[in-house]
Amino acid sequence: GTDGVRGEANEKLTPTLAYRIGAALAGILKKETARPVIAVGRDTRRSGDMLEGALAAGITARGGVMRRLGVIPTPAVSSYLRQHDLAAGIVISASHNPFYDNGIKIFGADGRKFPDDKENELEMVLAGEEPLALCHKEEIGWVEDHPEGAEEYLQRLQGFFPLDLLAG
């Protein structure tokens with residue numbers, strides 16, 4: 001019932017799978033935009049750094065840009081996508097599951113569930129055995145750090161609720 005991929009880190013959810021998800025996603029999104037920008041946020045689980053790095057490798061190897069938001073709540077990534085013109089977003093989190101689990105959830109450009117047709121295409125690519133084509137030279141993507149995403153989220157919440165969320 002939960003969107004995305006979840007499982008125990010380095011068992012079901014491996015860096016290899018995270019790399020393939022990032023690479024497949026960037027490849028699919030390149031059909032719509034030459035240089036897709038994908039926002040990525042995560043929770044504080046130990047495996048988050050590992051999975052984030054693998055996603056970055058996959059996204060950039062296929063010519064995408066990963067906009068790293070850092071440690072940020074899941075709704076903040078959705079909100080970020082609604083305020084910025086990006087191709088998609090990813091959250092690395094397993095919410096209430098045990099600390100050794102983790103997950104990768106993909107959002108569409110509108111901050112909502114990744115569209116079913118693209119999700120089906122992603123699943124087909126991941127099920128395939130053939131290697132994913134890599135970019136070369138100036139086509140290779142990069143990672144941009146945007147830790148201000150959390151602050152933008154707090155400011156947006158303050159717009160909805162007229163109270164000081166940072167007061168002690």
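Given the structure is predicted, the values throughout are model-derived calculations rather than measurements.
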Report yes or no: do [X] and [Y] belong to one cluster of Ile/Leu/Val/Met/Phe/Trp/Tyr joined by side chain heavy-atom distances under 4.5 Å?
| X | Y | answer |
| --- | --- | --- |
| V5 | L29 | yes |
| I59 | L13 | yes |
| I106 | V37 | no |
| M50 | L69 | no |
| L122 | Y19 | no |

Backbone N/O of P98 and side chain of R45: donor-acceptor pair under 3.5 Å: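 Here the side-chain-to-backbone pair exists.
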Donor-acceptor contact present, side-chain T33 to main-chain P36, <3.5 Å: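 Judged by distance alone, no pair lies under 3.5 Å.
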Using side-chain heavy atoms (C-beta onward) and a distance below 4.5 Å, is [X] in contact with [Y]?
| X | Y | value |
| --- | --- | --- |
| R82 | D110 | no |
| E144 | R68 | no |
| F107 | V91 | yes |
| N97 | N102 | no |
| V65 | R35 | yes |

Linked hydrophobic residues, Y100 as query - side chain contacts closer than 4.5 Å: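 Traced through the cluster, Y100 reaches F99.
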Distance in Å, [X] [atom1] paired with [Y] [atom2], rounded so as to fall on 0.5 Å steps:
| X | Y | atom1 | atom2 | value |
| --- | --- | --- | --- | --- |
| K118 | K31 | NZ | NZ | 10.0 Å |
| E119 | L25 | CD | CG | 11.0 Å |
| I92 | E52 | CD1 | CD | 5.0 Å |
| R62 | T60 | CZ | OG1 | 11.5 Å |
| D116 | E121 | CG | CD | 13.0 Å |
| Q155 | E148 | CD | CD | 10.5 Å |

Heavy atoms of other groups near D117 CG, more than 12 under 6.0 Å: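 It does: D117 CG has more than 12 such atoms within range.
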For [X] and [Y], which heavy atoms make the closest approach, and how far apart are they?
| X | Y | result |
| --- | --- | --- |
| A150 | I72 | N-CD1, 3.6 Å |
| A88 | L81 | O-CD2, 3.3 Å |
| A109 | L86 | CB-O, 3.2 Å |
| A54 | A18 | CB-CB, 3.8 Å |
| L132 | A24 | CD1-N, 3.8 Å |

Chi angles and distances behind the side chain to side chain contact (heavy atoms under 4.5 Å, CB included) call for K30, C135: CA-CA 12 Å; K30 282 185 77 166; C135 291; 3.6 Å; yes
R20-T16 side chain donor-acceptor pair, cut-off 3.5 Å: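 R20 vs T16: no donor-acceptor pair found between side chains.
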Derivation of the side chain to side chain contact (heavy atoms under 4.5 Å, CB included) call for E123 and N120: CA-CA 5 Å; E123 289 174 1; N120 292 336; 4.1 Å; yes
Listed partners of Y80 passing ring-ring contact (aromatic ring centres under 6.0 Å, His included), at least two apart: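 With sequence neighbours excluded, Y80 shows a ring-ring contact (aromatic ring centres under 6.0 Å, His included) to H84, H146, given in chain and number order.
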Side chain to side chain donor-acceptor pair (under 3.5 Å) contacts touching residues 86-95 (sequence neighbours left out):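 Non-adjacent pairs meeting side chain to side chain donor-acceptor pair (under 3.5 Å): R6-S95, D43-S93.
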Test log, rule side chain to side chain contact (heavy atoms under 4.5 Å, CB included), inputs M66 and V40: CA-CA 7 Å; M66 185 177 103; V40 177; 3.5 Å; yes
Under-4.0 Å salt bridge between D49 and R42: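 A salt bridge is present here (some side-chain N lies under 4.0 Å from a carboxylate O).
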Positive for side-chain contact (heavy atoms from CB on, under 4.5 Å) with I21, one of V125, I104, L51: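 Among the candidates, only I104 passes.
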